[in-house]
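I have placed the structure first, in the form of structure tokens, so that the comments after it can refer back to it.
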Amino acid sequence: MTKEDICRLADISMEELDQLPSIDLTGSSVDSLPDGIEFHILNINHCPNLTSLPDNFKCTVLNIADCPRLERIPNNFQGEVLVIDNCPRLTSLPATLKIDHLEIRHCPNLTKLPDGMELYLLRIEDSNIEALPEDCFFHQNLSLINCPYLKKLPDSCIAFSGDVNLYNCSSLSVLPNIKVVFGNLNIMGTPIKNLPKNIKIGGCLVANESKLETLPDGIRIGEYIDLGNCSNLQSLPDGLIVNGCQNLAGTPIKQLPNRLMVGGNLNILSTNIENLPDDLQVKGRVSGSKRLLDTYEINDDIPNDLPFYIWKDSSYVYYSNRLYRIVASDQYSWRVLDAEIAVRIMLDMRLCNNYDIDDGVSYIVMDVDHHYGDGPTTNDAFRRMEERRLNDITYMKNNKSI
């Protein structure tokens, strides 16, 4: 296929080929692409005769859908976003693939990813993928939907600045030691029984129809909690604070925890709860058996600043509907990191030092070249920053001399 063929199929001129931000190609006439061509956004849809892309292919955003004969992505593909949907002959991705955003849907023969991938977003849907590489990192969002053969996540998955969605991964029974999810955590339809101790979830916990048995001590959840139809749920930790609704409907739980505060509605329909704690506080409506609710007068005097109580003494602060990591504070102010920077540093520290900023770090400093230091005092933080800067200089000199 030539550039002229592309212009004819996309109904554009040669001038527009180099100027338009987005090009759409479709149909049986698309069997190849010319060498040396570059795109910003290229959408390839319903191309039954396309088997591969040229080796020197460049495209910032590449969307490929419904290409039943596509067998490979070129080894030196250069781009930022790659979305592949319904390409059943695709069995692997290039070992050298370097992108920020990867989505794979309905590709049954693509069962593994390249080693060493570092992504801001990974989304895999309706897949037979069996495992994710242990040396991969996902900074922002991880979404694995309907992946029945996936049994575990890499131990490197300890922090996410966005959402984690593990919906209906029916073989995934254990989570790694996740420290923080700044967005939502969804484990609906999984056999996961326990969450990591002290896990912090900035958004919502969606765990209905999972096998959760309880919530761990030290858990912090910023928004609502949905545990509906969790068939193994036995208890909840005392002092749980919910900044939104709490759904326990259809669970075998027998008793609510002491000092439970719910800022929204509480649903305990079809549970084994026969008594309510005297210190229960619910701002919204309680749904349960009429006999039970007629017996108790529920306190609805809930503080307006529930997020303050949820995140108190946690090294995190919830402000303007966003969660931040506190690295230093005094009587009147906090020094904070936003989600993206906090997660990047946590992953760097875990990779280099086998610890992270939730392990007793009070101060973090950074210079203009993004060398950072951490420690219990500002002097320790500056000292470690200088050590990392000198290590980088030494590394660059050694590599240059090879």
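Counting from 1, the numbers follow the sequence of the chain as shown. Since the structure is predicted, the reported quantities are computational estimates derived from the model, not experimental observations.
- Remark: the backbone N or O of D115 is not paired with any side-chain donor or acceptor of D135 at under 3.5 angstrom.
- Residue I23 holds its CD1 atom at 7.5 Å from CG of L25, rounded to the nearest 0.5 Å.
- Atom NZ of K193 has 12 or fewer heavy atoms from other residues, nucleotides or ligands within 6.0 Å.
- Side-chain atoms of N247 and I225, non-hydrogen and from C-beta on, never get closer than 4.5 Å to each other.
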How far apart are the C-alpha atoms of R72 and R89, what are their side-chain angles, what is the distance that settles it, and do they pass the side chain to side chain contact (heavy atoms under 4.5 Å, CB included) test? CA-CA 8 Å; R72 73 180 189 93; R89 287 198 184 182; over 6 Å; no

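- With a 6.0 Å radius and a threshold of 12 heavy atoms from other residues, nucleotides or ligands, D217 has its CG atom at or below the threshold.
- Annotation for I310 and N243: closest pair CD1-CB, 3.5 Å, computed over non-hydrogen atoms.
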Verify side chain to side chain contact (heavy atoms under 4.5 Å, CB included) between R259 and Q281, making sure each step is shown before the conclusion. CA-CA 8 Å; R259 306 186 310 280; Q281 295 175 262; over 6 Å; no

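- Shown here is Y319, whose OH atom has no more than 12 heavy atoms of other residues, nucleotides or ligands within 6.0 Å.
- Judged by distance alone, with hydrogens and angles left aside, the side-chain atoms of T190 form no donor-acceptor pair with the main-chain N or O of S210 at under 3.5 Å.
- In this structure, C136 and L132 approach most closely via the heavy-atom pair SG-CB, 4.2 Å.
- Judged by distance alone, the side chain of T26 and the main-chain N or O of N45 form a donor-acceptor pair under 3.5 Å.
- A distance of 13.0 Å separates CD1 in I129 from CG in D126, rounded to the nearest 0.5 Å.
- When atom types are taken as modelled, the side chain of S173 and the backbone of P191 share no donor-acceptor pair closer than 3.5 angstrom.
- Relative orientation of the Y316 and W311 rings is tilted, given thresholds of 30° and 60° on the angle between their planes.
- The shortest side-chain heavy-atom distance between M117 and L102 falls under the 4.5 Å cut-off.
- No side-chain donor-acceptor contact under 3.5 Å links T271 and T251.
- The shortest distance between side-chain heavy atoms of L212 and L227 falls below 4.5 Å.
- Of all the heavy atoms in I192 and L172, the pair that sits closest is CG1-O, 3.2 Å.
- Residue-environment remark: CG (N304) stays at or below the threshold of 12 foreign heavy atoms within 6.0 Å.
- Listed for the E134 side chain is a donor-acceptor partner under 3.5 Å among the backbone atoms of D155.
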Evaluate side chain to side chain contact (heavy atoms under 4.5 Å, CB included) for N198 paired with R220, printing each intermediate quantity in order. CA-CA 7 Å; N198 296 320; R220 315 265 183 155; over 6 Å; no

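- Side-chain atoms of D100 never come within 3.5 Å of backbone atoms of E80 as a donor-acceptor pair (strictly under, hydrogens ignored).
- Between S127 and L110, the shortest heavy-atom contact is OG-O, 3.9 Å.
- Remark: the backbone N or O of H101 is not paired with any side-chain donor or acceptor of E103 at under 3.5 angstrom.
- Side-chain contact between L62 and L53: present, with at least one pair of heavy atoms (C-beta onward) separated by less than 4.5 Å.
- To the nearest 0.5 angstrom, N208 atom CG is 9.5 Å from I187 atom CD1.
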List the steps and the verdict of salt bridge (Lys or Arg N to Asp or Glu O under 4.0 Å) for R383 and E386. CA-CA 5 Å; R383 177 176 53 80; E386 182 65 13; over 6 Å; no

Apply side chain to side chain donor-acceptor pair (under 3.5 Å) to residues Y167 and E209 and explain how you reach the verdict. CA-CA 10 Å; Y167 173 74; E209 300 179 15; over 6 Å; no

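- Contact check on E125 versus R123 returns a salt bridge, with a Lys/Arg side-chain nitrogen under 4.0 Å from an Asp/Glu carboxylate oxygen.
- Heavy-atom minimum distance, K283 versus G263: CB-O, 3.2 Å.
- Looking only at side-chain heavy atoms (C-beta outward), M261 and L306 come within less than 4.5 Å of each other.
- Two residues are said to be in side-chain contact when any heavy atoms from C-beta on lie closer than 4.5 Å; S171 and L150 fail this criterion.
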Show the numbers, then the answer: is there a side chain to side chain contact (heavy atoms under 4.5 Å, CB included) between I124 and I145? CA-CA 6 Å; I124 302 177; I145 300 173; over 6 Å; no

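- Within the 3.5 Å criterion, the main-chain N or O of T394 finds no donor-acceptor partner in the side chain of N391.
- The distance from atom CG of D163 to atom CG of L121, rounded to the nearest 0.5 Å, is 9.5 Å.
- Heavy-atom neighbours of R335 CZ from other residues, nucleotides or ligands within 6.0 Å: at or below the threshold of 12.
- Taking CG of N186 as the reference point, atom SG of C169 lies at 9.5 Å (rounded to 0.5 Å).
- Ion pairing between K211 and E213 fails under the 4.0 Å rule for side-chain N and carboxylate O.
- Applying side chain to side chain donor-acceptor pair (under 3.5 Å) to H106 and the options N86, D85, D66 leaves one that passes, D85.
- Surrounding CG of D278 are at most 12 heavy atoms belonging to other residues, nucleotides or ligands under 6.0 Å away.
- Annotation: the span from L97 atom CG to I73 atom CD1 amounts to 8.5 Å, rounded to 0.5 Å.
- Between the T91 side chain and the N109 main chain, no donor and acceptor come within less than 3.5 Å of each other.
- Contact of the R69 side chain with the D31 side chain is not registered, since no non-hydrogen atoms from C-beta on lie closer than 4.5 Å.
- Closest approach of P133 to P154, counting heavy atoms only: O-CG, 3.2 Å.
- A donor-acceptor distance shorter than 3.5 angstrom exists from the side chain of N128 to the backbone of P108, with no hydrogens or angles considered.
- No salt bridge links R291 with E274; every basic N to acidic carboxylate O contact stays at or beyond 4.0 Å.
- Between F77 and F57, the ring planes are parallel. Angles under 30° get that label, and only those over 60° would be called perpendicular.
- At least one side-chain heavy atom of K179 sits less than 4.5 Å from a side-chain heavy atom of M346.
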